[in-house]
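Nothing fancy with the numbering, it's 1 onward along the sequence.
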Amino acid sequence: MPTRSPATPEDAMSSTTVITNIASLVTNDPSLGDGSPLGLIRDAAVVVDGDRIAWTGASDKAPAADNRVDAGGRAVIPGFVDSHSHLVFAGDRTEEFNARMSGRGYTAGGIRTTVAATRAADDAALERNLTHYLAEALRQGTTTFETKSGYGLTVEDEARALRIAAAHTDEVTYLGAHIVPPDHADDPAGYVALVTGEMLDACAPYARWVDVFCEKGAFDGDQARAILTAGKAKGLHPRVHANQLSYGPGVQLAVELDAASADHCTHLTDADVDALANSRTVATLLPGAEFSTRAEWPDARRILDAGVTVALSTDCNPGSSFTSSVPFCIALAVRDMRMTPDEALWSATAGGAAALRRDDVGRLTPGAFADLALLDAPSHVHLAYRPGVPLVSRVWRRGVPVR
């Protein structure tokens, strides 16, 4: 599992645990329970053996285990899989947010403020910040996360950001192509050469993914293709910041290069939707960004109805979506993006796993990692029904209680 816990795997492997009296258990396996995509089992139980799920089914048929936990008639869901975040940074952009909420629009240029602060911070400060937000997310049920570089934009600063991130997750993304930094403003071609050359060489050992912000004010389609192709040649798989602020080539490029995900997907043509629907590329929607920038909401209903696989993530970053709360994003997706509560939960768990091309997280079926959250509610629908209420009461990660 990519997200590492302070507890060791041996701690989990010392015994088995059965969680019984679960009002509703979301397995994300349609062959189980009610046959829906959520694979919902009512009056359920789940058995954890070591760091894996060993059994799921009706509570009255649960096998014996070394330990027993009574869920008290509450719901159990898979741990959230947050497949898009920017957590290696320093500084604060409160003033920018305040100005935006007072009428100023959002552009990609605000990233430069965080770049300056991140370059000035030492490694210890960056790691403290990272672990602070990881703990915050864990309390809210996130058990797997991806995070990116992109606030250093020098060879040394990008490499150290990824090195710090890699100590906490295997889902690490090289985003040297976040923006063209001020010191290369007059030579964007030179910066692309750096990102695809010396910087890539320094960063590839720490990363699994390569990403690019394909957008006006950042990188155009030709530049993005060069960056992603170079990353692929180094063994990194593509993901793309695509079509967030305007219509553009990002989604088509993501599909062309078999990117695991095209993220944002706010401005889509019919051709973009068709391309996503006929590909393995997941559309990762990030409603925290629209909330925090007062931008147009992605039309989730349109792409879901077209058969596109959708993930739902926080985009946690200091400028445009400073939330680590997947439950908050679920509530936004249901209220403002026309997703059903079932679709939103699936997208925040199994959908996030698909965006990371994983089948061992985001689901609660035998063989999957034992990453689960107990809600202080009888149903997952309460995540949208009771927005802003801290409903996650207990969390297990790799079979170990961490909250």
Side-chain angles (χ1 to χ4, degrees), residues 19 21-30 32-46 56 59 69-83 136-143 284-292 294 297-305 310-316 321-353 362-364 371-396 403:
I19 305 172
N21 194 19
I22 300 170
S24 60
L25 172 68
V26 173
T27 67
N28 285 335
D29 184 343
L32 300 175
D34 64 358
S36 72
L38 292 187
L40 194 67
I41 305 175
R42 301 192 184 281
D43 191 16
V46 59
T56 59
S59 193
V69 175
D70 187 339
R74 291 175 287 178
V76 170
I77 63 173
F80 299 123
V81 180
D82 192 348
S83 61
E136 185 178 89
L138 180 63
R139 291 194 298 271
Q140 298 172 91
T142 297
T143 52
T284 300
L285 306 183
L286 308 164
E290 280 71 39
F291 177 87
S292 297
R294 287 184 175 157
W297 297 99
D299 191 346
R301 185 78 271 132
R302 176 190 181 197
I303 61 176
L304 283 164
D305 288 348
V310 171
L312 192 64
S313 294
T314 64
D315 190 20
C316 188
S321 183
F322 205 5
T323 179
S324 60
S325 175
V326 174
F328 174 65
C329 292
I330 287 173
L332 292 179
V334 172
R335 169 62 179 81
D336 293 302
M337 287 165 39
R338 300 196 297 156
M339 297 179 78
T340 69
D342 285 11
E343 289 168 339
L345 178 63
W346 189 95
S347 296
T349 51
R363 52 203 292 261
L364 296 178
D371 298 344
L372 55 147
L374 176 67
L375 303 182
D376 191 14
S379 166
H380 65 280
V381 177
H382 282 237
L383 292 167
Y385 180 43
R386 304 194 68 208
V389 177
L391 294 178
V392 175
S393 60
R394 295 191 67 180
V395 179
W396 287 259
R403 181 190 174 189

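Formation of a donor-acceptor pair under 3.5 Å by the Ser59 side chain with backbone atoms of Asn21 is found in this model. Under a 3.5 Å cut-off, the side chain of Ser393 and the backbone N or O of Leu374 do form a donor-acceptor pair. The main-chain N or O of Gly79 is never found under 3.5 Å from a side-chain atom of Asp371 such that the two would form a donor-acceptor pair. Between the side chain of Ser324 and the backbone N or O of Thr314 there is no donor-acceptor pair closer than 3.5 Å.
A 4.5 Å side-chain heavy-atom check between Arg335 and Pro387 finds every atom pair outside the cut-off. Arg338 is listed as a side-chain neighbour of Asp299, based on a closest heavy-atom distance under 4.5 Å. With a 4.5 Å cut-off on side-chain heavy atoms, Thr340 and Leu304 do not count as touching.
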Show your working on side-chain contact (heavy atoms from CB on, under 4.5 Å) between Arg139 and Val392 and close with a plain yes or no.
-> CA-CA 7 Å; Arg139 291 194 298 271; Val392 175; over 6 Å; no

Stepwise side-chain contact (heavy atoms from CB on, under 4.5 Å) check, Leu138 with Arg403 | CA-CA 8 Å; Leu138 180 63; Arg403 181 190 174 189; 5.8 Å; no

Glu343/Arg301 under side-chain contact (heavy atoms from CB on, under 4.5 Å): CA gap, chis, key distance, verdict = CA-CA 10 Å; Glu343 289 168 339; Arg301 185 78 271 132; 2.8 Å; yes

Between Leu375 and His382, does a side-chain contact (heavy atoms from CB on, under 4.5 Å) hold up when you go through it step by step?
-> CA-CA 9 Å; Leu375 303 182; His382 282 237; 5.9 Å; no

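Between Phe322 and Ser292, the closest heavy-atom pair is N-OG, 4.3 Å. Between Asp315 and Asp82 the shortest heavy-atom distance is N-OD1, 4.5 Å. Heavy atoms only, all atoms of each residue included: Cys329 and Leu312 are closest at O-CD2, 4.0 Å. Minimum heavy-atom separation, Gly39 to Thr27: O-OG1, 2.8 Å. Ala289 approaches Ser321 most closely through the heavy-atom pair N-OG, 3.4 Å. Ala71 approaches Ile19 most closely through the heavy-atom pair CB-CG2, 4.1 Å.
Residue Phe291 qualifies as open at atom CZ: its count of foreign heavy atoms under 6.0 Å is 12 or below.
Atom CG of Leu32 and atom CG of Leu38 lie 11.5 Å apart (nearest 0.5 Å). How far CG of Leu364 is from CG of Leu372: 5.5 Å, rounded to the nearest 0.5 Å. Atoms CE and OG, on Met337 and Ser347 in that order, are 8.0 Å from each other to the nearest 0.5 Å. Rounding to the nearest 0.5 Å gives a distance of 9.5 Å between CG of Asp70 and CD1 of Ile22.
Scored by the side chain to side chain contact (heavy atoms under 4.5 Å, CB included) test, Thr349 finds Asn28, Pro78, Phe80, Leu345 as partners (sequence neighbours excluded). Not a single salt bridge (charged side-chain N to carboxylate O under 4.0 Å, His left out) links Arg42 to another residue, sequence neighbours left out.
For the residue pair Asp342/His380, the side-chain donor-acceptor check at 3.5 Å is satisfied. In summary, the side chains of Ser24 and Ser379 do not present any donor paired with an acceptor at a separation below 3.5 Å, with no hydrogens or angles considered.
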